[in-house]
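Written below as C-alpha cells is the structure these notes are about.
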Amino acid sequence: MSGKFITLEGIDGSGKTTQGFFLKNKLEEFGKDVLFTREPGGVKGAEEIRNLLVQGEKDRWSNITEILLFFASRRHHLEKVLLPAINKGKVVICDRFTDSTIIYQGRENIHLKKMIIELNKSVIGIVPDLTLIIDIDPTKSLNRGLSRKSDEMRFERFGLEFQATARNGYISLAKTDKRYQLIDGNNSKDKVHQMIWNKVSKFLSLKL
Ligand code: TMP
C-alpha cells in the first residue's frame, strides 16, 4: 500500500463529516491527492446496502444479519474504492470503518465482537494508518442528529443510552492502540479542525 488510510470515528452527530471535508480541503492545499469517502456506502452498490441499514425500524435486522450487511457493504467499497485509491498513492479519508462495527454492533456481546474481528481479518484485511475519534457529549450530538431532517434515522432511534454506551466504547477503544487519536469534539468546528490538523500534519510529516 503506497497511500495513506485515515478514518474518522465517533458517535452520531459528532461532526465527522464536516471535519472530513475540512481535512480534505486542507490536505489539498498541501498538494495531496485526497479521496473522502464514507461507510456504509461510498460507491453505488454499497450505498444501496446503506439504505437497508440506516432506514426503517430499529428492529428490522437481527444482530448477525446487520453485521453481515455492514461487511457486504464494506467489502464492495474496499474493492471498488478504497484499495484502488490507496494503491494509487492517495490519502484516503473514510467517514467510519470497522471500528464503527466493533462499537455499534459489538458493544454488548463479546461473541459478536469476536465475530466482527474475525470477519474483518478474513474479508477486509486492512487496518487504518490513523483513526481520529471525535469525542462529544452524547446529549449534544443526539440533539444535533435528531434536528436533521433525514430518512436515515434508524440508529438515532436507539436513543441516548445507546449513544452514551457507544461513546464510552470509543473512549476505551482509543486506549488500545497508538493509531487512535481522541479529539475533543465539544469545541467549535474551527478548533476541532485545528486539533485534527495537528495530528494529521504530524502523522504525514507536513510542514505547517
Ligand atoms: P453515518 O450517519 O455516520 O453515515 O452512519 C450511519 C449509521 O450507521 C450510524 O448511525 C452508525 C451506523 N454504523 C454502524 O452501526 N456500524 C457500522 O459499521 C457503520 C459503518 C455505521
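For ligands, and for the atoms within them, numbers begin at 1 and follow the listed sequence.
- Using modelled atom types, one finds a donor on one side chain and an acceptor on the other under 3.5 Å when comparing Thr139 with Asp137.
- Using modelled atom types, one finds no donor on one side chain facing an acceptor on the other under 3.5 Å when comparing Ser73 with Glu39.
- Residues meeting the side chain to side chain donor-acceptor pair (under 3.5 Å) test with Glu152, sequence neighbours left out: Arg50.
- Salt-bridge formation is detected for the pair Arg167/Asp135: a Lys NZ or Arg NE/NH1/NH2 atom is positioned less than 4.0 Å from an Asp or Glu carboxylate oxygen.
- For a heavy-atom separation below 4.0 Å, the residues in contact with ligand 1 are Asp12, Lys16, Glu39, Pro40, Arg50, Val54, Phe70, Arg74, Arg96, Ser100, Thr101, Tyr104, Gln105, Phe155.
- Within the 4.5 Å cutoff, the side chain of Phe71 has heavy atoms near those of the Ile116 side chain.
- Without hydrogens or angle criteria, Thr7 side chain to Arg96 main chain gives no donor-acceptor distance under 3.5 Å.
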